[in-house]
Protein chains: 2
Amino acid sequence: MKKTPHAPADLPRNRILQGDCIAQMNALPAGSVDLVFADPPYNLQLRGDLHRPDNSRVDAVDDDWDRFDSFKAYDTFTHAWLTAARRVLKPNGAIWVIGSYHNIFRVGAALQDAGFWVLNDVIWRKSNPMPNFRGKRLTNAHETLIWASRGEGAKYTFNYEALKALNDDVQMRSDWVIPLCTGHERLKDEKGDKAHPTQKPEALLHRVIVGTTNAGDVVLDPFFGTGTTGAVARKLGRDFIGIERDAGYIKAAQARLDKVRPYDASAIEVTRAKRAEPRVPFGQLVERGLLRPGETLVSPRNKAAKVRADGTLIADNVKGSIHQVGAALEGAPSCNGWTYWSFRREGKTVPIDVLRQQIRAELS
Amino acid sequence: MKKTPHAPADLPRNRILQGDCIAQMNALPAGSVDLVFADPPYNLQLRGDLHRPDNSRVDAVDDDWDRFDSFKAYDTFTHAWLTAARRVLKPNGAIWVIGSYHNIFRVGAALQDAGFWVLNDVIWRKSNPMPNFRGKRLTNAHETLIWASRGEGAKYTFNYEALKALNDDVQMRSDWVIPLCTGHERLKDEKGDKAHPTQKPEALLHRVIVGTTNAGDVVLDPFFGTGTTGAVARKLGRDFIGIERDAGYIKAAQARLDKVRPYDASAIEVTRAKRAEPRVPFGQLVERGLLRPGETLVSPRNKAAKVRADGTLIADNVKGSIHQVGAALEGAPSCNGWTYWSFRREGKTVPIDVLRQQIRAELS
DNA sequence: ATGACTATTGAATCTGCTG
DNA sequence: TCAGCAGATTCAATAGTCA
């Protein structure tokens, strides 16, 4: 394990400090940590209760620590902790911050104002997000991470080859598909409820720490929660410093950390992306102009249907998906629209599945 | 095509206005457009795009800038055009802005500060991004769009069902996989070079316009460029207003628009929400004799209720509407009585919603 | 053991009309 | 403006139960 040069000997490595993160960071020596990973409060502004269509209630984040009086109050808080974080960072250190549309724009602007230099924004695409139950907006299926160096022109650690290896030897992109933290990985309290409302998946931290730190580096998390950052750092042979206000979270985090063995390979396996044949909605053929709204599709027995702008078909009295309309015209319980419908090009009849293959080829 | 109510007759529909977007927007009537789509410049070297608080141009030869001046000027410019855009929006209008990590955090914060209410941030995930050749960062494989209503609590247009149809009948997510604008969609100049450096794919605008406007709506693009917004709006039976400073871009955009043919009306029509269908009071089923007073309805778990002559139900100790009695029997906060209750005919159990659909069919 | 089926759950700014 | 009420609305994954 490489020892990081210039790290003060009195740094509280692998300890959780209880208290306000700004005060605690200011008590650490300046220029002493290699990476800050921060998952600050998102400042969600929820109005009433929300129920699923089955009438069960959504267990929302309504904790006191997520409440701010105004954007201005949130900005003041953000500027303060970012300034403190920048002070404890080594000159060649870097920061990661995660957030949602509620707070990430304010965090990003504050980062830039504080002198950090944005290197990438990274999208955590959730493979299994909570849907939008009322159909009033898009499914909120991602969160945003910002990766920034300490300032313009500053050096930073980037393990290009390691990330490429994690990604089947293809250059790592700025969008990462990772599932939510559920199942056995999710910490539970004595009652069996989730120990923390927003525990992050270890796979996410794995990628951050492998990609932007070296073994022996010190990773500081000022909003430590139940300690995902610390657990992954230890597994990967890095040291951590955690700061957390809530004694209950600290207790859960410490119990978790006591069980961690470095160089556990299990997290690496989690990170590997599943390779499945990408689903191509018929609507994409319309959006991409491969089929024109208003264009006519024909069936094997020469029944016709017209393509609409939303990727549905209309024929005689039937409207719906390529599968539904096909089934209705055939009087069948189901129908594979991809093989059923064809379009006309230059006098020839071409199955629409050809267009799907074309898109799949682009995607791979 | 539905005419939008209250749209001033003198609105310059389907025209490109040459000049500064702030001045041009301020010359339009307040509350007159349904949607703003904006792809603002973010290259801070283009200082000619920036404005001081008094709206005078920043001197492009003034190179005595530091980073703070530069961000400040960009913020001032952003605030100015967003304020102008908000003025021309109808109360129930909405805005889309697209950007990258260089500017999107500042734009997002400015949107919130200007009073807009963020509805979603959307990730345009590029299926064919430019790789990072030097291997110093992650492949920048996405851009971010922000969708916002005019203010907190304001209404907005969202064609949930149409977007769901576009996505194979699965709720549309906040991450959209769409290829870059290349091939013959990409406009070229006389020399064969690309006519505009950041031409957006029509597929992106297709999804935005299908999802968040209605036919006949007016879409304003204050950074019109080569007119992707206008071209897609026209194809989909919407009107556009474009604002652009550069005469060369205007020429290219106009030539492009002259060739656009709208899809026919039936192709533009999209899948309607159930909410948009006419309301049928349960009492009508009784009035029309489809259900008899005294007849028994059953729930999925075999609870029973009796139909009364006034279209209310009675069960055990509960009286009230089909919804109220269903909710009371389930101990639920609410209940859709139409899908909850069934009646018996010839030994079979039939949902009462079948009768509602029967009446709706007669009405159309 | 295996498969089929059910129940649960996740950072959520989540309704709209009428009187 | 606000209360009241009709009635519309979910995806993926895990864990547990039962045949």
Side-chain angles (χ1 to χ4, degrees), chain A residues 39-63 65-68 71 98-104 124 126-144 177 179-186 188 192-194 196-201 223 225 274, chain B residues 92 112 116-121 147-149 151-153 155-156 158 160-161 164 167-174 273-277 279-283 311-312 320-327 332-341 352-353 356:
Chain A
D39 182 10
Y42 285 9
N43 190 25
L44 303 183
Q45 293 152 59
L46 308 174
R47 288 187 239 203
D49 274 357
L50 177 65
H51 292 88
R52 299 186 178 82
D54 65 3
N55 270 323
S56 63
R57 199 181 73 89
V58 174
D59 183 16
V61 178
D62 53 0
D63 306 72
W65 50 254
D66 198 48
R67 274 198 268 274
F68 292 82
F71 281 135
I98 182 167
S100 67
Y101 68 84
H102 311 86
N103 71 324
I104 199 65
W124 169 25
K126 303 178 182 180
S127 54
N128 52 346
M130 182 150 74
N132 186 291
F133 296 114
R134 309 302 292 268
K136 291 290 125 182
R137 301 184 180 189
L138 302 163
T139 309
N140 204 356
H142 73 276
E143 294 189 24
T144 302
V177 180
L180 296 173
C181 179
T182 59
H184 294 300
E185 190 187 321
R186 189 88 193 212
K188 303 283 170 28
D193 298 327
K194 52 190 175 192
H196 192 282
T198 69
Q199 186 182 339
K200 296 293 175 287
F223 306 98
K274 280 186 290 184
Chain B
N92 296 344
Q112 293 176 314
F116 287 102
W117 190 248
V118 177
L119 298 167
N120 276 117
D121 60 337
W147 174 38
S149 68
E152 183 173 1
K155 287 187 200 168
Y156 53 91
F158 182 52
Y160 174 78
E161 296 290 345
K164 191 173 172 179
N167 196 39
D168 261 7
D169 276 333
V170 178
Q171 185 173 90
M172 185 70 81
R173 299 167 39 117
S174 58
K274 267 197 194 153
R275 276 197 191 88
E277 289 177 39
R279 196 177 97 82
V280 177
F282 177 72
T312 59
S321 70
I322 52 173
H323 316 294
Q324 289 166 333
V325 174
S334 72
C335 170
N336 184 344
W338 288 108
T339 51
Y340 182 74
W341 295 108
I352 59 172
D353 206 29
R356 178 170 67 161

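In what follows, every chain begins at residue 1, and chains take the letters A, B, ... in the order their sequences are listed. This one's a predicted model, so the numbers in the text were calculated from it and none came from an experiment.
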Reckon A/Gly99 touches a base, only the sugar-phosphate, or nothing at all at heavy-atom distances under 4.0 Å?
-> nothing
Provide, to the nearest angstrom, the distance between the CG atom belonging to A/Asp63 and the P atom belonging to C/dG10.
-> 13 Å
Whole-Å distance separating the CG atom of B/Asn336 from the P atom of D/dA6 = 11 Å
Any sub-3.5 Å donor-acceptor pair from B/Asn167's side-chain atoms to B/Arg173's backbone N or O?
-> no
Is B/Trp117 stacked on the base of C/dT13 when the test is centres under 5.5 angstrom and planes under 30 degrees?
-> yes
Calculate the interatomic distance between A/Asp193 atom CG and C/dT9 atom P; express it in whole Å.
-> 8 Å
Roughly how many Å is it from CZ in A/Arg186 to P in C/dT8, rounded to a whole number?
-> 18 Å
Do A/Arg186 side-chain atoms and A/Leu180 backbone N/O form a donor-acceptor pair below 3.5 Å?
-> no
Determine the interatomic distance between C1' on D/dA12 and the same-named atom on C/dT13; round to the nearest Å.
-> 23 Å
Could you tell me whether A/Asp66 contacts a base, only the sugar-phosphate backbone, or nothing, with contacts defined as non-hydrogen atoms closer than 4.0 Å?
-> base
Main-chain N/O of A/Ala141 paired with B/Ser174 side-chain donor or acceptor, under 3.5 Å = yes
Sugar-phosphate, base or nothing in reach of B/Glu161, heavy atoms under 4.0 Å | sugar-phosphate
Parallel, tilted or perpendicular: which fits the ring planes of B/Phe282 and B/Trp338, with parallel below 30° and perpendicular above 60°?
-> perpendicular
Considering heavy-atom distances to DNA chain D, does A/Thr182 or A/His51 have its closest nucleotide positioned more toward the 5' end?
-> A/His51
Would you indicate which nucleotide in C/dT9, D/dG7, C/dA11 comes nearest to any side-chain atom of A/Ser56?
-> C/dT9
Contact class for A/Lys200 (heavy atom, under 4.0 Å): base, sugar-phosphate, or nothing?
-> base
Consider the side chain of B/His323, meaning its heavy atoms from C-beta on, and name the nucleotide among D/dA6, C/dA11, C/dA12 that approaches it most closely.
-> D/dA6
Could you work out which one of D/dC5, C/dT9, D/dA8 sits closest to the side chain of A/Asp54?
-> C/dT9
Whole-Å C1' distance, C/dC14 and C/dG10 | 15 Å
For C/dG16 versus D/dT9, give the span between their C1' atoms, rounded off to a whole number of Å.
-> 14 Å
Step through it carefully: locate the ring centre of A/Trp65, locate the ring centre of A/Phe223, and say whether they are under 6.0 Å apart.
-> no
Anti/syn call for D/dT10, syn if |chi| within 90° | anti
Salt-bridge present (B/Glu161, B/Lys274; N to O < 4.0 Å) | no
Just checking, any donor-acceptor pair under 3.5 angstrom between side chains of A/Ser100 and A/His102?
-> yes
A/Arg52 CZ to C/dT15 P, in whole Å, measures 16 Å
Once you round it to whole Å, what is the distance between P of C/dA11 and CG of A/Leu50?
-> 14 Å
Touch check for B/Ser321, heavy atoms < 4.0 angstrom, all strands: base, sugar-phosphate only, or nothing?
-> sugar-phosphate
Report yes or no: does B/Asn120 contribute a side-chain atom to a donor-acceptor pair with the main-chain N or O of A/Leu138 at less than 3.5 Å?
-> yes
Is A/Gln199 reaching over with its side chain to a backbone N or O of A/His196, donor-acceptor style, under 3.5 angstrom?
-> no
Rounded to the Å, how far apart are A/Leu46 CG and C/dC14 C1'?
-> 10 Å
Given C/dA11, is OP1 or OP2 found less than 4.0 Å from the side-chain N or O atoms of A/His142?
-> no
Quick one: is A/Lys194 getting a side-chain N or O under 4.0 Å of the C/dT9 phosphate, OP1 or OP2?
-> no
How would you label the contact of A/Arg57 with the nucleic acid (heavy atoms, under 4.0 Å): base, sugar-phosphate, or nothing?
-> nothing
Quick one: which of D/dT9, C/dA11, D/dT10 gets closest to the side chain of A/Arg134?
-> D/dT9
From the list D/dA12, D/dC11, C/dT13, which nucleotide is the closest neighbour of the side chain of A/Asn128?
-> D/dA12
Give one of base, sugar-phosphate or nothing for A/Ser100, where a contact means two heavy atoms less than 4.0 Å apart.
-> nothing
Select base, sugar-phosphate, or nothing to describe what A/Arg137 touches, counting heavy atoms under 4.0 Å on all strands.
-> base
How is A/Pro40 classified with respect to the nucleic acid when contacts are heavy atoms under 4.0 Å: base, sugar-phosphate, or nothing?
-> base
Nucleotide nearest A/Pro53 (side chain, heavy atoms from C-beta), chosen from C/dA11, D/dT9, D/dA6 | D/dT9
Comparing B/Pro333 and A/Ser127 on DNA chain D - which has the more 5′ nearest nucleotide | B/Pro333
Could you go through the ring-ring contact (aromatic ring centres under 6.0 Å, His included) check for B/Trp117 and B/Tyr156 one step at a time?
-> CA-CA 11 Å; B/Trp117 190 248; B/Tyr156 53 91; over 10 Å; no
Proximal nucleotide (of D/dT14, C/dA12, D/dC11) relative to the A/Asn140 side chain = C/dA12
Under 4.0 Å between a side-chain N/O of B/Lys155 and OP1 or OP2 of C/dT15, yes or no?
-> no
Dot-bracket line, read 5' to 3' along DNA chain C, where crossing pairs take [ ] and | marks a partner on another strand, Watson-Crick or G-U under 3.5 Å = .|||||||||....|||||
Atom-to-atom span, CG of A/Leu180 to C1' of C/dT9 - whole angstrom = 10 Å
Would you mind telling me which residue lines up with the more 5' stretch of DNA chain C, A/Pro129 or A/Gln45, judged by nearest nucleotide?
-> A/Pro129
Check: A/Glu185 side chain, A/Pro201 main-chain N or O, donor-acceptor pair, under 3.5 Å = no
Closest to the side chain of A/Lys136, out of C/dT15, C/dT13, C/dA11, is C/dT15
Looking across every strand, which nucleic acid part, if any, lies under 4.0 Å from B/Val170 by heavy atom: base, sugar-phosphate, or nothing?
-> sugar-phosphate
Side-chain contact check for B/Tyr160: nearest option of C/dG10, D/dG7, D/dT10 is D/dT10
Give the nucleotide from the list D/dA6, D/dA8, C/dC14 with an atom nearest to the side chain of B/Arg279.
-> D/dA6
Assign each of A/Asp39 and B/Arg275 to its nearest nucleotide of DNA chain C by heavy atoms, then name whichever residue's nucleotide is nearer the 5' end.
-> A/Asp39
